[in-house]
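Okay, structure first, notes after.
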Amino acid sequence: MQKEWSDKEAKKLLFKGEFVSQKKLAAGEYEITFKDSKTKEQKVFKAKNPFDENSVKNYLPGYELTIEYEIVKNSKTNKDEFYIKENGTVSSVGAVPVTNQK
């Protein structure tokens, strides 16, 4: 049982997609929307800090960003929420140009 727990903990949750938008919420957190590179569906993440403005300028439009996130249970709604992992500011793990796939 302990080994399984350790293995699960070591895995990183990564999301690959294009930056769409961000807005500041009333509670002071940020809601950051990305578009999945494969499915083109939008996914909303929360963050304590805004997405790095330099990254936004450098990687718009058409860049696939890889971000690390974690799942946090909202104590009020009892629903899972996706939070971008913090390292001072929100930034991408990596960025590559998106190729036009038809």
Side-chain angles (χ1 to χ4, degrees):
M1 179 86 168
Q2 183 63 35
K3 183 181 184 313
E4 289 177 14
W5 178 257
S6 296
D7 289 346
K8 285 181 184 176
E9 238 180 8
K11 292 182 181 179
K12 293 181 180 181
L13 295 173
L14 299 176
F15 177 83
K16 290 184 179 186
E18 294 179 65
F19 175 85
V20 175
S21 66
Q22 74 178 344
K23 67 178 179 178
K24 189 170 185 176
L25 302 173
E29 293 180 326
Y30 290 84
E31 183 178 272
I32 303 172
T33 305
F34 288 90
K35 179 172 65 174
D36 186 281
S37 297
K38 293 180 182 176
T39 66
K40 304 302 181 199
E41 291 182 43
Q42 291 191 357
K43 188 166 186 172
V44 176
F45 295 89
K46 290 189 176 179
K48 293 180 182 173
N49 297 304
F51 196 79
D52 179 48
E53 291 297 327
N54 290 326
S55 293
V56 171
K57 290 176 188 172
N58 291 336
Y59 301 129
L60 279 181
Y63 276 84
E64 177 184 80
L65 304 175
T66 303
I67 58 166
E68 185 176 358
Y69 69 97
E70 58 190 346
I71 300 172
V72 177
K73 178 83 67 182
N74 183 316
S75 59
K76 293 179 183 176
T77 64
N78 205 31
K79 292 184 179 181
D80 289 341
E81 295 180 340
F82 305 110
Y83 275 83
I84 296 175
K85 282 209 165 184
E86 303 294 331
N87 290 327
T89 61
V90 177
S91 60
S92 64
V93 173
V96 295
V98 175
T99 56
N100 291 334
Q101 298 174 359
K102 294 184 180 182

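Under the side chain to side chain contact (heavy atoms under 4.5 Å, CB included) criterion, Asn78 pairs with Lys73, not counting sequence neighbours. For Tyr30, there are no ring pair (Phe, Tyr, Trp, His ring centres under 6.0 Å) partners at least two apart in sequence or on another chain. Judged as a salt bridge (charged side-chain N to carboxylate O under 4.0 Å, His left out), and not counting sequence neighbours, the contacts of Glu81 are Lys46. Phe45 pairs by the ring pair (Phe, Tyr, Trp, His ring centres under 6.0 Å) definition with Phe15, Phe34, Tyr69, not counting sequence neighbours. In this view, Glu70 satisfies the side chain to side chain donor-acceptor pair (under 3.5 Å) rule with no residue, not counting sequence neighbours. Under the side chain to side chain donor-acceptor pair (under 3.5 Å) criterion, Thr77 pairs with no residue at all, not counting sequence neighbours.
Crowding of Lys16 atom NZ: a count of heavy atoms from other residues, nucleotides or ligands under 6.0 Å not exceeding 12.
The distance from atom CG of Asn49 to atom CD of Gln22, rounded to the nearest 0.5 Å, is 10.5 Å. Rounding to the nearest 0.5 Å places CD of Glu68 at 4.5 Å from NZ of Lys85.
Of the N and O atoms on the side chains of Thr33 and Gln42, not one donor lies less than 3.5 Å from an acceptor on the other residue.
Ion pair Lys23/Glu31 flagged as a salt bridge, since at least one NZ, NE, NH1 or NH2 atom sits closer than 4.0 Å to an Asp/Glu carboxylate oxygen.
Across all non-hydrogen atoms, the minimal contact from Ile32 to Ile84 is CD1-CD1, 4.0 Å. Taking every heavy atom of both residues into account, Gly17 and Ser37 meet most closely at CA-OG, 3.3 Å. Of all the heavy atoms in Thr39 and Asp36, the pair that sits closest is N-OD1, 2.8 Å.
Side-chain heavy atoms closer than 4.5 Å link hydrophobic residues (I, L, V, M, F, W, Y) into clusters, and following such links, possibly through other members, connects Phe82 to Leu13.
Between Phe19 and Lys35, every side-chain heavy-atom pair lies at or beyond the 4.5 Å cut-off.
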Audit row: Ile67, Leu14, side chain to side chain contact (heavy atoms under 4.5 Å, CB included) steps and yes/no:
CA-CA 6 Å; Ile67 58 166; Leu14 299 176; over 6 Å; no
